Amino acid sequence: METQRISTKEIITYLTEKFPACFSIEGPAKPLKIGIFQDLAEKLAEDEKVSKTRLRQALRHYTSSWRYLKAIKLDKFRVDIDGNEVAKIDQEQADYASKTLKESQEKFGNKKAQDKENKKPYKGTKTEKPKSIDKSKAAKFKSVKSTKPAEAKVAAPLKPVDNNAVIVGAKVKVKLGNSPMQATITEVSGKDISVQLVSGMVVKTQLKHIFSD
């Protein structure tokens, strides 16, 4: 029974340290003897670090790696836990490894392509670039527009109202904003003068804002 659970990667590293003649984590891998699991299980029977279940998982992971599958080639030799060559790889074994490698690489490639596709922004949210404007047409439009004479409205100067004309009922112009408006004086109370605009609104103003009609 394991006293502490370790990862598959750590188990493979451990096997590399214990059996360097057949396991490795760098460089070309060596094809392993068929049935090497039993030999390893016997060697590690008293080793509490690795159970048979974890050993089987680690071996499956190691022998399904691309690095290992690339090592399974026709007429290459398999090795035992001591690194001794014990059997040649035949055509069937080489073809099977090649097929497994190809399927694994294709699966990885499709997954990578799918992940890349999933990262693309949704087309509906893509901001469209403004269409380029034909410079010749823009210049022509600008020239036509610029040839039109500017018609600036010149407002007639306002004439201050005579004090004697500031009486109730008198028609005047009152300037409350930028433009003067027609109005009728409705009340005069000292400096305050109430006028009624053509809209019917009555406002209170002063003599300086009132001009002759």
Side-chain angles (χ1 to χ4, degrees), residues 1-139 141:
M1 183 176 179
E2 294 176 87
T3 57
Q4 182 181 4
R5 186 176 179 83
I6 58 177
S7 68
T8 299
K9 185 177 180 180
E10 290 175 320
I11 293 175
I12 292 174
T13 301
Y14 181 66
L15 293 175
T16 300
E17 295 170 352
K18 293 279 289 184
F19 310 102
C22 62
F23 287 99
S24 66
I25 55 177
E26 292 181 355
K30 293 180 180 180
L32 299 178
K33 166 191 171 184
I34 295 175
I36 199 171
F37 169 77
Q38 293 300 332
D39 296 338
L40 291 169
E42 289 178 9
K43 288 284 184 178
L44 299 172
E46 303 299 321
D47 195 325
E48 295 181 351
K49 192 171 185 177
V50 184
S51 67
K52 285 188 177 181
T53 300
R54 300 291 286 138
L55 175 61
R56 186 177 285 106
Q57 291 173 348
L59 271 178
R60 188 181 298 118
H61 182 86
Y62 185 84
T63 56
S64 62
S65 69
W66 292 0
R67 188 174 71 96
Y68 182 82
L69 291 173
K70 288 178 181 179
I72 308 301
K73 294 182 179 180
L74 182 65
D75 293 334
K76 289 282 185 179
F77 281 89
R78 295 182 179 275
V79 299
D80 61 16
I81 58 176
D82 297 319
N84 299 315
E85 295 180 348
V86 292
K88 268 188 179 183
I89 295 172
D90 59 24
Q91 188 66 58
E92 183 179 354
Q93 294 171 350
D95 290 343
Y96 180 81
S98 179
K99 179 175 176 290
T100 304
L101 175 62
K102 183 179 179 181
E103 291 175 349
S104 178
Q105 289 176 332
E106 288 177 349
K107 183 177 179 181
F108 178 80
N110 291 337
K111 182 178 183 302
K112 191 174 182 180
Q114 184 62 42
D115 291 342
K116 186 176 181 180
E117 183 68 24
N118 291 337
K119 289 180 181 179
K120 287 185 178 179
Y122 177 58
K123 291 183 178 180
T125 61
K126 185 177 180 181
T127 304
E128 293 185 0
K129 294 182 179 179
K131 294 181 179 179
S132 59
I133 301 174
D134 190 320
K135 293 184 179 179
S136 61
K137 289 183 179 180
F141 175 75

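As the structure is a computational prediction, the values presented were derived from the model and not from experiment.
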May I ask you to decide if [Y]'s main-chain N or O and [X]'s side chain share a donor-acceptor pair within less than 3.5 Å?
X	Y	value
Tyr68	Leu32	yes
Glu10	Ser7	yes
Asp47	Lys49	yes
Ser104	Thr100	no

So, taking the atom named [atom1] in [X] and the one named [atom2] in [Y], what distance separates them when rounded to the nearest 0.5 Å?
X	Y	atom1	atom2	value
Lys52	Leu44	NZ	CG	11.0 Å
Trp66	Lys102	CH2	NZ	14.0 Å
Ile11	Ile6	CD1	CD1	4.5 Å

Verdict with reasoning, Leu55 to Leu15, per side-chain contact (heavy atoms from CB on, under 4.5 Å)
CA-CA 9 Å; Leu55 175 61; Leu15 293 175; 4.0 Å; yes
Run the side-chain donor-acceptor check on residues 16-29: report pairs under 3.5 Å with partners two or more places apart or on a different chain.
| residue | atom | partner | partner atom | Å |
| --- | --- | --- | --- | --- |
| Thr16 | OG1 | Ile12 | O | 2.8 |
| Ser24 | OG | Arg67 | NH1 | 3.2 |

side-chain hydrogen bond (donor to acceptor under 3.5 Å, both in side chains) assessment of Gln57 paired with Arg60:
CA-CA 5 Å; Gln57 291 173 348; Arg60 188 181 298 118; over 6 Å; no
side-chain contact (heavy atoms from CB on, under 4.5 Å) between Leu101 and Gln105, intermediate numbers included:
CA-CA 6 Å; Leu101 175 62; Gln105 289 176 332; 3.7 Å; yes
For Phe77, does the CZ atom sit with more than 12 other heavy atoms under 6.0 Å from it, leaving out its own atoms?
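It does: Phe77 CZ has more than 12 such atoms within range.
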Measuring only between side-chain heavy atoms, which start at C-beta, is Arg78 closer than 4.5 Å to Ile36?
no
I'd like to know if Glu103 pairs up with Lys99 as an ion pair, taking the criterion as any Lys NZ or Arg NE/NH1/NH2 lying under 4.0 Å from an Asp or Glu carboxylate oxygen.
yes
